Structure formats: structure tokens, C-alpha cells
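As C-alpha cells, the structure follows; a few thoughts come after it.
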Amino acid sequence: MKKETVSKQSLELLSTAELISLADEYGIVIPEDLNRYIIIGEILEAYTENETAQKSESDIKINDSDTEIPDKLPSTYNNTCIDTVLRSPAWAFVFWDIKESDLSRIQSDSAFKSIFLHITFPQFPDEEKVTDYLDLSAEFDTREQYILVPAGKKFMKIDLAVSYRERQSEVLASTRVVEIPQENPVVQDYQPGKKIEMTPLVKLSGMKEILNEHYVNHRQSFSN
């Protein structure tokens with residue numbers, strides 16, 4: 001019997017052996033000597049659940065505009081933008097994109113010098129005039145870069161900018177203001193040989209060795 005023609009009347013016409021065989025198709029385990037009317041009820045219930053599931057799947061509408069997700073993301077989305085993600089309080093990952101029309105305009109400008117990241121460190125999220133900043137060179141092709149964040153900074157904002165000869169720099173895009181998690185003063189001010197107070201539990205955790213290794217590998221973040 002075909003599953004799509006299942007009904008109470010059609011099932012009652014089947015032999016017990018045929019009912020057990022049909023129940024097996026639906027994954028129903030039938031104990032020995034089970035009443036055939038109970039078997040019919042189990043099959044009808046499984047049939048109804050199966051029909052409901054198939055109907056739910058068919059109700060999912062796929063628009064003509066829907067496209068498959070590619071296996072590999074494109075290198076550019078042709079949009080001028082920049083954003084950043086903190087890897088840790090000491091490191092930030094910055095990524096950006098420049099649309100083709102902007103790229104062509106910039107590179108064809110005879111006064112063009114370079115693109116760079118203008119990083120400001122406001123004391124407050126809504127501070128307008130920020131004097132604490134640094135500039136880092138960037139490249140058109142890479143579109144990403146790690147930044148070592150100076151110690152003691154509370155907030156950070158990054159502009160993707162272009163420098164020109166004898167002309168004011170142009171900001172192409174800006175990140176949101178990012179709050180930088182504050183380190184424990186003991187960790188922030190640590191230097192090898194400097195006496196610091198640690199609880200027995202912190203000493204047992206190996207914190208001193210961790211701080212030594214961090215200072216050796218990233219001493220710039222301690223000296224800023």
C-alpha cells in the first residue's frame with residue numbers, strides 16, 4: 001500500500017501481516033499479539049505526523065532573488081567601510097574595504113600619497129575633540145591589520161583615511177567607538193624585577209610567569 005493513500009477504511013481491509021509490514025515502513029515497532037485496531041491507530045498517527053512535516057516543508061517559500069551561499073567569500077563587497085574587533089585589551093583586529101569607484105578616484109589623483117589608519121583614544125565615548133591619537137600606514141591590498149593598543153586607553157575609534165600632497169587628509173570611513181576593557185593595575189604596571197603583591201592563589205596560578213612572558217613579547221604595550 002502506498003503511504004499517501006492511507007486511511008482508516010483502507011487499513012481495515014488489510015490483513016494483520018500487511019498492517020505489520022506497513023507499520024514497519026513507518027518505523028513503528030509492533031509487539032507480538034498486539035490488537036490490529038491498535039496497530040491501525042499507530043499507523044494513522046504516524047501517517048498524520050509525516051503528512052504534517054511534509055506540509056511544513058512545502059510551506060517554506062523560496063524567492064527568486066534567493067541565492068546560494070558561495071563556498072568562498074569574495075575578497076571585496078565593493079563597499080567603503082571599516083570595523084574593528086578586540087582580540088584582547090592589548091590587540092585589536094582592524095578590517096576594511098574600499099569600493100571600486102573610490103579606489104579609482106583616489107589612485108588617479110595626482111596628489112595622492114597613501115592610505116592610513118587614524119586611531120584616536122577619547123577619554124569618553126562622546127568626546128568630540130580628541131588630541132590623543134596615532135597614525136599607522138595601511139595598504140590597499142591587505143584590507144586587514146592587527147593593532148597594538150597602548151596601555152591605559154579607555155576608548156578607541158579608527159578612521160580609514162587618505163593623505164594627499166599639500167591638501168587635507170580625507171576620511172573614507174570610521175569605526176564605532178570601541179570600549180577597551182581595563183586591566184588590573186598589577187598587570188598593567190608590571191615589569192620584571194618590580195616587586196608586586198600577589199595572593200598565594202594567584203602565585204599558584206603561574207601569573208608571574210605569564211606576566212614575564214607577556215612583557216618580553218609585547219613590551220611596547222607596557223612602555224606606552
Side-chain angles (χ1 to χ4, degrees), residues 68-99 102 113-163 169-224:
E68 295 183 1
I69 299 176
D71 295 332
K72 186 178 180 180
L73 295 177
S75 59
T76 176
Y77 288 91
N78 197 29
N79 183 33
T80 300
C81 58
I82 184 172
D83 207 347
T84 182
V85 177
L86 287 177
R87 177 181 177 183
S88 69
W91 289 97
F93 178 69
V94 187
F95 53 99
W96 62 88
D97 196 7
I98 304 176
K99 62 183 178 181
D102 287 339
K113 290 178 60 179
S114 63
I115 64 169
F116 65 99
L117 302 178
H118 179 68
I119 310 166
T120 55
F121 302 99
Q123 289 294 316
F124 310 98
D126 55 353
E127 185 177 353
E128 295 182 0
K129 295 183 179 180
V130 183
T131 57
D132 188 4
Y133 70 91
L134 64 88
D135 292 336
L136 297 177
S137 61
E139 299 292 339
F140 284 116
D141 297 333
T142 57
R143 297 190 179 92
E144 61 184 40
Q145 188 167 324
Y146 274 102
I147 294 175
L148 180 61
V149 182
K153 306 303 180 184
K154 297 181 179 180
F155 298 95
M156 177 179 64
K157 180 182 177 183
I158 306 174
D159 298 328
L160 177 63
V162 181
S163 64
S169 298
E170 174 190 4
V171 175
L172 298 177
S174 302
T175 68
R176 67 199 184 286
V177 176
V178 178
E179 183 174 4
I180 303 171
Q182 299 302 296
E183 294 180 304
N184 185 292
V186 172
V187 176
Q188 184 173 318
D189 300 333
Y190 176 77
Q191 293 183 15
K194 184 177 181 180
K195 186 177 180 180
I196 57 175
E197 296 296 330
M198 292 186 180
T199 64
L201 184 60
V202 174
K203 290 180 180 179
L204 186 62
S205 71
M207 177 58 73
K208 187 174 181 180
E209 289 75 15
I210 293 174
L211 292 176
N212 277 332
E213 181 180 357
H214 185 65
Y215 181 85
V216 170
N217 295 323
H218 310 299
R219 66 182 65 191
Q220 279 182 277
S221 63
F222 290 89
S223 60
N224 287 306

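These values consider heavy atoms only, across backbone and side chains, with no hydrogens, waters or symmetry-generated copies. Here the structure is a predicted model, which is why all the values come from computation and not from measurement.
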What's the shortest heavy-atom distance between [X] and [Y], and which atoms?
X: Leu134; Y: Pro150; answer: CD2-CG, 4.1 Å
X: Met156; Y: Ala92; answer: CE-CB, 3.8 Å
X: Val177; Y: Pro125; answer: CG2-O, 3.7 Å

Which residues pass the side chain to side chain contact (heavy atoms under 4.5 Å, CB included) test with [X], sequence neighbours left out?
X: Ser114; result: Ser163
X: Ala173; result: Thr80, Ile82
X: Thr131; result: none
X: Phe93; result: Phe95, Glu144, Tyr146

Hey, does [Y] have a side-chain heavy atom less than 4.5 Å from the side chain of [X]?
X: Tyr77; Y: Lys99; value: no
X: Thr175; Y: Lys157; value: yes
X: Val162; Y: Ser169; value: no
X: Leu86; Y: Val178; value: yes
X: Trp96; Y: Cys81; value: no
X: Trp91; Y: Val149; value: no

Quiz item: How long is the span from the CD1 atom in Ile119 to the CD1 atom in Ile158, to the nearest 0.5 Å?
Solution: 5.0 Å
Self-check item: Distance, nearest 0.5 Å, that separates CD1 of Ile115 from CG of Leu136
Solution: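 Output value for this atom pair is 12.0 Å.
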Does [X] have any side chain to side chain donor-acceptor pair (under 3.5 Å) partners at least two apart in sequence or in another chain, and if so, which?
X: Asn79; result: none
X: Ser174; result: Asp159
X: Glu170; result: Arg105, Tyr164
X: Lys153; result: Asp132

Quiz item: Taking Ser137 for the side chain and Phe116 for the main chain, is one N or O donor matched with an acceptor at less than 3.5 Å?
Solution: no
Exercise. Please list, chain by chain and in numerical order, all residues satisfying ring-ring contact (aromatic ring centres under 6.0 Å, His included) with Phe124, sequence neighbours excluded.
Key: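 ring-ring contact (aromatic ring centres under 6.0 Å, His included) check on Phe124 returns nothing, list empty.
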Quiz item: Can you pull the salt bridge (Lys or Arg N to Asp or Glu O under 4.0 Å) pairs that have at least one residue in residues 81-97, sequence neighbours excluded?
Solution: Asp83-Arg176, Asp97-Arg143
Quiz prompt | Contact list for residues 115-126, test side-chain hydrogen bond (donor to acceptor under 3.5 Å, both in side chains), sequence neighbours left out | solution =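 Residue pairs passing side-chain hydrogen bond (donor to acceptor under 3.5 Å, both in side chains), neighbours aside: His118-Asp135.
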